[in-house]
Amino acid sequence: MIKITLPDNSVREYSKGITGAEIASSISPRLAKEVLSVTVNGEIWDINRPIEEDSSVRLHKFEDNEGKHAFWHSSAHLMAEAIEQLFPGTKFGIGPAIENGFYYDVDPGETVTITELDLPLIEKRMKELAALSQPFLREPVSREEALRIFNEKGDSYKTELISELEDGTITLYRSGEFTDLCRGPHLPDSGSIKAIKVLSVAGAYWRGDEKRKMMTRIYGITFPKQKMLDEYLEMLEEAKKRDHRKLGRELELFTFSQKVGMGLPLWLPKGAELRQRLIDFMTAELKRRGYSMVSTPHIGNVDLYKTSGHYEKYGADSFQPLKTPQEGEEFMLKPMNCPHHCEIFNATPHSYKDLPVRMAEFGTVYRYEQHGELHGLTRVRSFTQDDAHHFCEPDQMKEEFKSIIDLVQWVFNSLNFNEYTAQISLRDPANKEKYIGNDENWDKAEKAIIEAASEKGLETVIVKGEAAFYGPKLDFMVRDAIGRKWQLGTIQVDYNLPERFDLHYIGRDNQKHQPVMLHRAIFGSLERFVAVLIESTAGKFPLWLAPEQVVILPISEKFHDYAKKVSNFLNNYDIRTLKDERNEKIGKKIRDNELKKIPYLLIIGEKEAEAGTVSVRRQGEGDRGVMELEEFARFIKDEITRETA
RNA sequence: GCCGAUGUAGCUCAGGGGUAGAGCACUUCCUUGGUAAGGAAGAGGUCAUGGGUUCAAUUCCCAUCAUCGGCUCCA
């Protein structure tokens, strides 16, 4: 007998060789039906793999990530089997489960291309194969044996992978006619894969290396129930409606022009106002928090970037320097603000008593992004950072970090942004020579970040090896409507620039000392932030940010005079007001202005004109009843105060 | 930059070797209306751009550009 410890710390005795599936059925028949994978002593296993010793065990259903993982991983094998049958001779790369579904990278050979038209065929074959309920059979093999099998198949990608694996750890999984190199775990059989959608096809470099072969990546998703797939597809459709590129056009916020150039956003009046309001909001808070605003030009001498080191590292992949009539004089469009800010720091002498210096700028920068990478407002070639740099003494670093985390939390809370994650990026301890700055400083900085985050109650993920070469960092990430991850705010420690720009301050000992420099952005860039804001609000901005707050809808021409009076009245309260005086019926005006997502609609007719009132309607919520003019103005002001408090 | 797809009116899209069509938006007229689409008429397009095939190309072919889905990169 062996002892099995369950997550609730209860211990049950089973005979040696018991499987996860059998444990599940000993607990409940329902669990037995739903269990997909099992964690045994921290390792995820198939549910039909015998457990030979005392273990702690966790059973996973589809609702758990571990369960989904097995489900989708098996689905990837199913898809590969379908592809192998439909496109004989296809070579296979990797086919993992991902956050939403799975993909498989395949190479169908030089003469064959798999296009969107083939996806329904693959899907159909997958459904046929799933219906066969083929078991996924685990088979440990020697490396030699594995190489022989995949050499025979001509699967060169697989043999490349195998040759990097340690002998004795290699397993194959067989399902139907398909055999794959795979660590597992898998479902017992394909029968539980009831709902299948092959989603899309894309190119992907083998092992993510652009020098290597471009493979065909096919994405799919599956569910145990058709209803779940329907809901997922519906959710995707809904998400598309929130796409900031679509809403940006519909709400007349921004546009792009081929003539101006790709990736160069043009802010339309309503978008520009929204953007400005964010700037004003942030500026007011920065002043309260001891920042000084600075302003620097859009270009800088090439020598500036040679000093900073950016020219050497990124110069070739940047917009190329501008020349002037003067021989040998070259300027670069600024790709970041920090070198300029360093020179501002250098412009005046500093005592330790002045530190920390906090220097902020809404600085527009220009980066040459590759064509294929441009994406709406989230990836552009010209954008405005809410950039700032803190210059402080080493001992002040942690406090500065905390103050910045506090600011991020304050801003995100003010905007009802709850769905963000924070990632701390540290050095790769195995590759310390990749980084500049000494060990002691790095240790100090990494410790300061971790402690600051924990003291601010910020939940973080720590990733080793993701730090910049010049220092560790803390990034704030959010997801867009389709679930893609974007970085917004960032806090980075920099040991490079203070050194290169020879920044210093006079310490208590009357000696020169080098300050620590922190880079930070809260919005990240206004462009990306607005994009994320559009998608998270579906274009229904909070009242204080809405380009138009109130629209007045007179029932007929007879009430245009009263509409003007209402409009003037609200304007005196700085409430952004529009009138819809088109010759249309009130139902039509309501519909059109609801679709424009203007927060408040005021309907005025005979009753209102006589009584000096307005009939209030909240976007998306309907009739709110009649209010006195002043009452309404106060009501609006209160809402704004609540939002920005 | 790479793989695949797409490009027709301001927007969403249909069409197709013989110089273009719908709905919405727009303009004018009728209607002056009470909480999500009143009616009529009209205007609007070198069918992304440049080549080629053809008696004839917006349609077929090639290239370029842009957009979309990914990959790579991201100070």
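Proteins get letters first, then strands, A, B, ... in listed order; numbering begins at 1 in each.
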Using the six-membered ring of Tyr157(A), assess whether NZ or CZ of Lys213(A) lies under 6.0 Å from its centre and within 45 degrees of the ring axis.
->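 Output no; distance or angle outside limits.
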Regarding Arg618(A) and the six-membered ring of Tyr600(A), is the cationic atom NZ or CZ under 6.0 Å from the ring centre and inside 45° of its axis?
->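 Output yes; distance and angle both within limits.
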First encountered from the 5' end of RNA chain B, between Glu606(A) and Ser200(A) =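 Counting from the 5' end, the first nearest nucleotide belongs to Glu606(A).
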Nearest nucleotide by nearest heavy atom, which residue falls closer to the 5' end of RNA chain B, Arg528(A) or Met215(A)?
->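 Checking each residue's closest nucleotide, the 5'-ward one belongs to Met215(A).
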Tell whether Asp105(A) reaches the base of G70(B) with its side chain through a donor-acceptor pair below 3.5 angstrom.
->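 Absent.
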Can you find a donor-acceptor N/O pair under 3.5 angstrom joining the side chain of Glu594(A) to the base of A36(B)?
->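 Yes, the side chain and the base share a sub-3.5 Å donor-acceptor pair.
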Taking [M] as the reference, what is the distance to [N] when you measure between their [atom1] atoms (whole Å, please)?
| N | M | atom1 | result |
| --- | --- | --- | --- |
| U53(B) | C60(B) | C1' | 8 Å |
| A43(B) | G23(B) | P | 15 Å |
| U8(B) | C13(B) | P | 10 Å |
| U46(B) | A20(B) | C1' | 13 Å |
| C55(B) | A14(B) | C1' | 30 Å |
| C73(B) | C65(B) | C1' | 22 Å |
| A9(B) | G45(B) | P | 11 Å |
| A22(B) | G44(B) | C1' | 14 Å |

Look at all strands and tell whether [X] reaches a base, only sugar-phosphate, or nothing, counting heavy atoms closer than 4.0 Å.
| X | answer |
| --- | --- |
| Arg217(A) | sugar-phosphate |
| Ser308(A) | nothing |
| Gly605(A) | base |
| Tyr470(A) | sugar-phosphate |
| Glu557(A) | base |
| Ile555(A) | base |
| Tyr219(A) | sugar-phosphate |
| Lys589(A) | nothing |
| Glu608(A) | base |
| Arg379(A) | base |

Parallel under 30°, tilted from 30 to 60°, perpendicular over 60°: which one fits the rings of Tyr104(A) and Phe92(A)?
->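 Judged by the thresholds at 30° and 60°, the geometry between Tyr104(A) and Phe92(A) is perpendicular.
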Consider the side chain of Arg582(A), meaning its heavy atoms from C-beta on, and name the nucleotide among G38(B), C26(B), U67(B) that approaches it most closely.
->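 So the side chain of Arg582(A) is nearest to C26(B).
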With Asp387(A), the side chain to side chain donor-acceptor pair (under 3.5 Å) member among Thr364(A), Asn337(A), Thr296(A) |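 Among Thr364(A), Asn337(A), Thr296(A), the one that satisfies the side chain to side chain donor-acceptor pair (under 3.5 Å) with Asp387(A) is Asn337(A).
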